[in-house]
Amino acid sequence: MQAFSDIKVWQKAHALTLQLYRDTTSFPTDERFGLTSQIRRSAASIGGNIAEGCVKGSGVEFARFLRIALGSASELQYHLLLARDLGFLDPARHESLNGGVEEVKRMLTAFIRTLLAEG
């Protein structure tokens with residue numbers, strides 16, 4: 001069994017989550033249980049689903065968890081867009097973070113294809 005922490009997409013998602021935790025500390029305190037929480041939750045869900053899927057018995061089952069992670073990544077993209085439009089993230093920072101999410105989504109999609117091709 002492969003350790004989830006050895007999986008490249010998990011490493012990328014984890015680094016992104018750590019960065020988002022740092023970036024959201026500057027959000028307004030009244031957003032602590034709103035957008036800040038939503039961004040952190042959806043970001044952490046990506047790595048969490050990769051980790052959970054890693055211990056499942058089959059590639060098909062693992063791919064199911066990777067698709068859930070992909071959904072969390074899309075949710076995260078919306079929350080980052082909202083944060084930008086509300087003025088909590090400057091456009092350049094949003095672009096950088098969104099690029100990181102896009103990379104994770106591409107990696108997840110490729111990983112899903114590989115697992116399903118292996119059957």
Side-chain angles (χ1 to χ4, degrees):
M1 172 181 16
Q2 182 178 14
F4 67 84
S5 58
D6 292 337
I7 298 171
K8 297 262 188 255
V9 67
W10 179 88
Q11 294 169 359
K12 185 73 171 175
H14 182 64
L16 180 63
T17 300
L18 293 174
Q19 188 57 58
L20 285 163
Y21 265 75
R22 287 188 288 272
D23 286 352
T24 55
T25 60
S26 65
F27 282 19
T29 55
D30 63 335
E31 284 296 331
R32 183 177 52 230
F33 301 111
L35 192 54
T36 300
S37 176
Q38 291 287 72
I39 287 172
R40 290 175 174 187
R41 183 197 55 75
S42 57
S45 178
I46 300 167
N49 277 291
I50 296 167
E52 186 174 356
C54 185
V55 298
K56 300 300 177 179
S58 71
V60 172
E61 186 69 4
F62 191 4
R64 185 173 76 80
F65 280 87
L66 295 178
R67 282 192 293 273
I68 294 168
L70 192 57
S72 294
S74 290
E75 181 182 355
L76 175 58
Q77 282 186 296
Y78 169 69
H79 294 313
L80 292 175
L81 178 64
L82 182 58
R84 184 203 64 194
D85 291 350
L86 290 170
F88 302 157
L89 282 175
D90 68 63
R93 189 68 191 133
H94 170 264
E95 185 176 331
S96 174
L97 292 168
N98 191 62
V101 179
E102 281 293 329
E103 183 177 359
V104 166
K105 287 176 70 173
R106 282 190 299 274
M107 293 172 78
L108 285 168
T109 300
F111 198 179
I112 291 166
R113 283 190 192 126
T114 299
L115 287 171
L116 294 178
E118 292 171 355

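What's counted below: heavy atoms across the whole structure, side chains too, no hydrogens, waters or symmetry copies.
- Leu70 and Val9 fall within the same hydrophobic cluster, where Ile, Leu, Val, Met, Phe, Trp and Tyr residues are linked whenever their side-chain heavy atoms come under 4.5 Å apart, directly or through other members.
- Arg40 contributes atom CZ, which lies 11.0 Å from atom CG of Leu35 (distance to the nearest 0.5 angstrom).
- Between Gly47 and Ala13, the closest heavy-atom pair is N-CB, 4.4 Å.
- A distance-only check finds no donor-acceptor pair linking the side chain of Ser96 to the backbone of Arg93 [under 3.5 Å].
- Both Leu82 and Leu76 belong to a single network of hydrophobic side chains, linked directly or stepwise wherever heavy atoms of I, L, V, M, F, W or Y lie under 4.5 Å apart.
- Sorted by first and then second residue, the ring-ring contact (aromatic ring centres under 6.0 Å, His included) pairs involving residues 5-30 (not counting sequence neighbours) are Phe4-Trp10, Trp10-His14, Phe27-Phe88.
- Taking every heavy atom of both residues into account, Leu97 and Asp23 meet most closely at CD1-OD2, 3.4 Å.
- Closest of all the heavy-atom pairs between Thr25 and Arg22 is OG1-O, 2.7 Å.
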- Report the C-alpha separation of Gln11 and Met107 in whole Å, then their side-chain angles, then the decisive distance to 0.1 Å, and conclude whether the side-chain contact (heavy atoms from CB on, under 4.5 Å) test is met. CA-CA 11 Å; Gln11 294 169 359; Met107 293 172 78; over 6 Å; no

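- Here CD1 of Ile39 is found 5.0 Å from CG of Leu80. Values are rounded to the nearest 0.5 Å.
- The two residues Ser42 and Ser72 come nearest to each other via the heavy atoms O-CB, 3.6 Å.
- What you find for Leu115 and Leu66 is that their closest heavy atoms are CD1-CD1, 3.5 Å.
- Residues Ile68 and Val55 do not share a hydrophobic cluster, clusters being chains of Ile/Leu/Val/Met/Phe/Trp/Tyr side chains in contact below 4.5 Å.
- Both Leu108 and Leu116 sit in one connected hydrophobic cluster of ILVMFWY residues. Membership requires side-chain heavy atoms under 4.5 Å apart, directly or through other members.
- Comment: Arg64 engages Glu61 in a salt bridge, judged by a side-chain N to carboxylate O separation of less than 4.0 angstrom.
- Residue pairs meeting the side chain to side chain donor-acceptor pair (under 3.5 Å) criterion with at least one partner in residues 73-84, sequence neighbours excluded, are Arg41-Glu75, Ser74-Lys105, Glu75-His79, Gln77-Asn98, Gln77-Glu102, Gln77-Lys105.
- Of all heavy-atom pairs between Phe62 and Ile50, the closest is CE1-O, 3.6 Å.
- Under a 3.5 Å cut-off, the side chain of Thr17 and the backbone N or O of Ala43 do form a donor-acceptor pair.
- Under the 4.5 Å side-chain heavy-atom criterion for grouping Ile, Leu, Val, Met, Phe, Trp and Tyr, Leu81 is not connected to Leu86 through any hydrophobic cluster.
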